[in-house]
Amino acid sequence: INIFTKVLECPSSEELIKTMKESDIVQLEFWNHPILFKTLCELDIPPIRLLTMFHKNGLYNTNITTLKNLINVSDKFVFTSPSSYFIKNLTELHYQIDLPKLACVYSSGGFKDLPEIKRSDDEKLSVGYFGSTIFARMNPYYADIINDINVIPDLKVKVIGDCKNQSELEKKSQKFEFTGFVENVSEELKKINVNLYLLNEEHYGTTENALLESMACGCVPIVNCNLPEKCIIKNGETGFITNTTFKYSSPEHKSISDILLYLHKNPKELQRIGNNASKYVREKFSVKNTEFGLNQCYYEVLTTDKKKVFF
């Protein structure tokens, strides 16, 4: 399948319509942006085959009627995390939507630019956070959480990349270190071996590419007990899923303090799980698997006729 890759910057309505007419498949990258809604509703869209990539998990703050209509106008509707199959009320809509239209393909671009970092069994625990720092994504209580961790002497959490909330985080905790913007992410990921990836419990993320990239570099992830992260992490094998209260262990999920103390005392486990994580994501979330999943969807869409789409 040939993918049309010409980039149209701020195209006119005429250019958009012309491009749609010339395309065998129109792929809509859906991010829930209001300008996207405005454009779709105002545009006189010609007959097309429509594949929609859904780049939000939809578990929270989703208008179920809008979602239903978006699924119904699409020839294929592709979730980018299996967690989206658990959208509240989605199963109740089974009689209003065409369920075979649904598919799931993680939107991973692979890791060819990230070197494989084989972790040794004598590394000291080094904790970081590699991910978005806006509080719609990062857990808003992150500073409070790490302030409560007293089992690791002189614990520091290195925040990798540009941090929009640096001043606010610095006021709340002295345990942060900030790299600022970095050109070479892998060089910074080499310096940590744990990604304390604690997200807002109602975040909108799906594939979690920052998490995957840190795992590909051998960092052990510690994540919340949120569905999107639970779909990625094998607890105790490729990372750790902590309980939602963070402070206390449960039979299924250990507290963050217990996990960090365990890794601190067991560097061979830190090595084993880090290497497991790298091997796992490089295989499961390879660009080859992304291509394979999308191609299956494309071939299916191509069996349909073009039709008018009304938003």
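Donor-acceptor pairing under 3.5 Å is lacking for the side chains of N165 and T133. No hydrogens or angles considered: a donor-acceptor pair under 3.5 Å links the side chains of K56 and T62. Checked by atom type, the side-chain pair D122/S120 shows a donor-acceptor distance below 3.5 Å. Of the N and O atoms on the side chains of E201 and Y60, not one donor lies less than 3.5 Å from an acceptor on the other residue. When only modelled atom types and interatomic distance are considered, E269 and Y262 share a side-chain donor-acceptor pair under 3.5 Å. Side chains of T207 and S107: a donor on one and an acceptor on the other come within 3.5 Å.
Judged by distance alone, the side chain of N200 and the main-chain N or O of P140 form no donor-acceptor pair under 3.5 Å. The backbone N or O of G161 lies less than 3.5 Å from a partner atom in the side chain of T179, making a donor-acceptor pair. Within the 3.5 Å criterion, the main-chain N or O of P100 finds a donor-acceptor partner in the side chain of K76. Panel note: side chain K175, backbone A143; no donor-acceptor pair is recorded below 3.5 Å. With hydrogens and angles disregarded, a donor-acceptor distance shorter than 3.5 Å links the side chain of T303 to the backbone of E300. Judged purely by atom type and a 3.5 angstrom limit, N195 has no side-chain atom pairing as donor or acceptor with the backbone of C219. Remark: the backbone N or O of S167 is not paired with any side-chain donor or acceptor of K172 at under 3.5 angstrom. With hydrogens and angles disregarded, a donor-acceptor distance shorter than 3.5 Å links the side chain of R119 to the backbone of C217. Without hydrogens or angle criteria, K234 side chain to Y280 main chain gives no donor-acceptor distance under 3.5 Å.
A continuous path of ILVMFWY side-chain contacts below 4.5 Å connects I152 to V159, so both sit in one hydrophobic cluster. Linking Ile, Leu, Val, Met, Phe, Trp and Tyr whenever their side-chain heavy atoms come within less than 4.5 Å puts I273 and Y129 in one cluster. One hydrophobic cluster, built from ILVMFWY side chains closer than 4.5 Å, cannot hold both F130 and L125; they sit in different ones. Following chains of ILVMFWY side-chain contacts shorter than 4.5 Å, one cannot reach I192 starting from L270, and the two form parts of different hydrophobic clusters. Taking hydrophobic clusters as Ile, Leu, Val, Met, Phe, Trp and Tyr residues chained together by side-chain heavy-atom distances below 4.5 Å, V309 shares a cluster with I17.
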Show, in sequence, the C-alpha distance, side-chain angles and deciding distance for L260 and I222, and conclude whether the side chain to side chain contact (heavy atoms under 4.5 Å, CB included) test is met. CA-CA 9 Å; L260 289 176; I222 301 176; 3.7 Å; yes
What's the verdict on side chain to side chain donor-acceptor pair (under 3.5 Å) for N57 and S81, showing C-alpha distance, side-chain angles and the deciding distance? CA-CA 7 Å; N57 59 50; S81 167; over 6 Å; no
Could you please spell out the steps behind the side chain to side chain contact (heavy atoms under 4.5 Å, CB included) verdict for F310 and V73? CA-CA 7 Å; F310 300 96; V73 298; over 6 Å; no
For F37 and F30: C-alpha separation, side-chain torsions, deciding distance, then whether ring pair (Phe, Tyr, Trp, His ring centres under 6.0 Å) applies. CA-CA 9 Å; F37 280 117; F30 186 81; 5.5 Å; yes
Pair L28, L36 - check side chain to side chain contact (heavy atoms under 4.5 Å, CB included), show working. CA-CA 10 Å; L28 172 63; L36 180 60; 3.8 Å; yes
Stepwise, does the side chain to side chain contact (heavy atoms under 4.5 Å, CB included) test hold for T206 with S83? CA-CA 8 Å; T206 56; S83 63; 5.7 Å; no
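Contact record, S186 with L114: CB-CD2, 3.9 Å, taken as the closest heavy-atom pair. The two residues P221 and I233 come nearest to each other via the heavy atoms CG-CD1, 3.5 Å. Nearest heavy atom pair, residue I241 against residue N235, reads N-OD1, 2.8 Å.
Other residues, nucleotides and ligands place more than 12 heavy atoms under 6.0 Å from the OH atom of Y85. In this structure, E15 places its CD atom where more than 12 heavy-atom neighbours from other residues, nucleotides or ligands lie under 6.0 Å away. Surrounding OH of Y141 are at most 12 heavy atoms belonging to other residues, nucleotides or ligands under 6.0 Å away. K124 NZ: 12 or fewer foreign heavy atoms inside a 6.0 Å radius. Around NZ of K68, the count of heavy atoms belonging to other residues, nucleotides or ligands within 6.0 Å exceeds 12. Annotation for K156: atom NZ counts as buried by contact number, over 12 foreign heavy atoms lying within 6.0 Å.
At a threshold of 4.5 Å between non-hydrogen side-chain atoms, the residues M138 and H203 do not count as touching. Side-chain contact check for L50 versus I45: every heavy-atom pair is 4.5 Å or farther apart. Under the 4.5 Å side-chain criterion, counting only non-hydrogen atoms from C-beta, Q27 is in contact with Y298. Residues L70 and F311 are in side-chain contact: their nearest non-hydrogen atoms beyond the backbone lie under 4.5 Å apart. Side-chain contact check for M215 versus F285: every heavy-atom pair is 4.5 Å or farther apart. Taking the side chain as every heavy atom from C-beta outward, I64 and I87 approach each other to under 4.5 Å. Using a 4.5 Å heavy-atom threshold, the side chains of I149 and S257 count as touching. Within the 4.5 Å cutoff, side-chain heavy atoms of M20 are placed close to those of L43.
Atom CG in N224 sits 7.5 Å away from atom OG1 in T242 (nearest 0.5 Å). With rounding to the nearest 0.5 Å, the separation of OG1 in T290 from CG in N295 is 10.5 Å. The structure places CD1 of I48 at 13.5 Å from CG of D305, a figure rounded to the nearest 0.5 Å. The OG1 atom of T19 lies 6.5 Å from the CG atom of L16; values are rounded to the nearest 0.5 Å. Distance check, rounded to the nearest 0.5 Å: OG of S126 to NZ of K190 gives 14.0 Å. Here the CG-CD1 distance, from N139 to I146, works out to 11.0 Å after rounding to the nearest 0.5 Å.
In this structure, K18 pairs ionically with E22, as a charged nitrogen and a carboxylate oxygen lie closer than 4.0 Å. Ion pairing of E168 with K171 is absent here, as no side-chain N (NZ or NE/NH1/NH2) approaches a carboxylate O to less than 4.0 Å. A salt bridge does not link E291 to K288: none of the charged nitrogens lies less than 4.0 Å from a carboxylate oxygen. Under a 4.0 Å N-O distance rule, the pair R137/E208 qualifies as a salt bridge.
The residue from K101, R49, K307 that alone fulfils the side chain to side chain donor-acceptor pair (under 3.5 Å) condition with D75 is K307. Each of I160, N184, V182 was scored for a side-chain contact (heavy atoms from CB on, under 4.5 Å) with L189, with one residue passing: I160.
The aromatic rings of F54 and F77 sit tilted relative to each other, their planes meeting at an angle between 30° and 60°.
Here ring-ring contact (aromatic ring centres under 6.0 Å, His included) pairs that include residues 209-234, with residues two or more places apart or in two chains, number zero.
When ring centroids are compared, Y142 and Y197 stay outside the 6.0 Å threshold.
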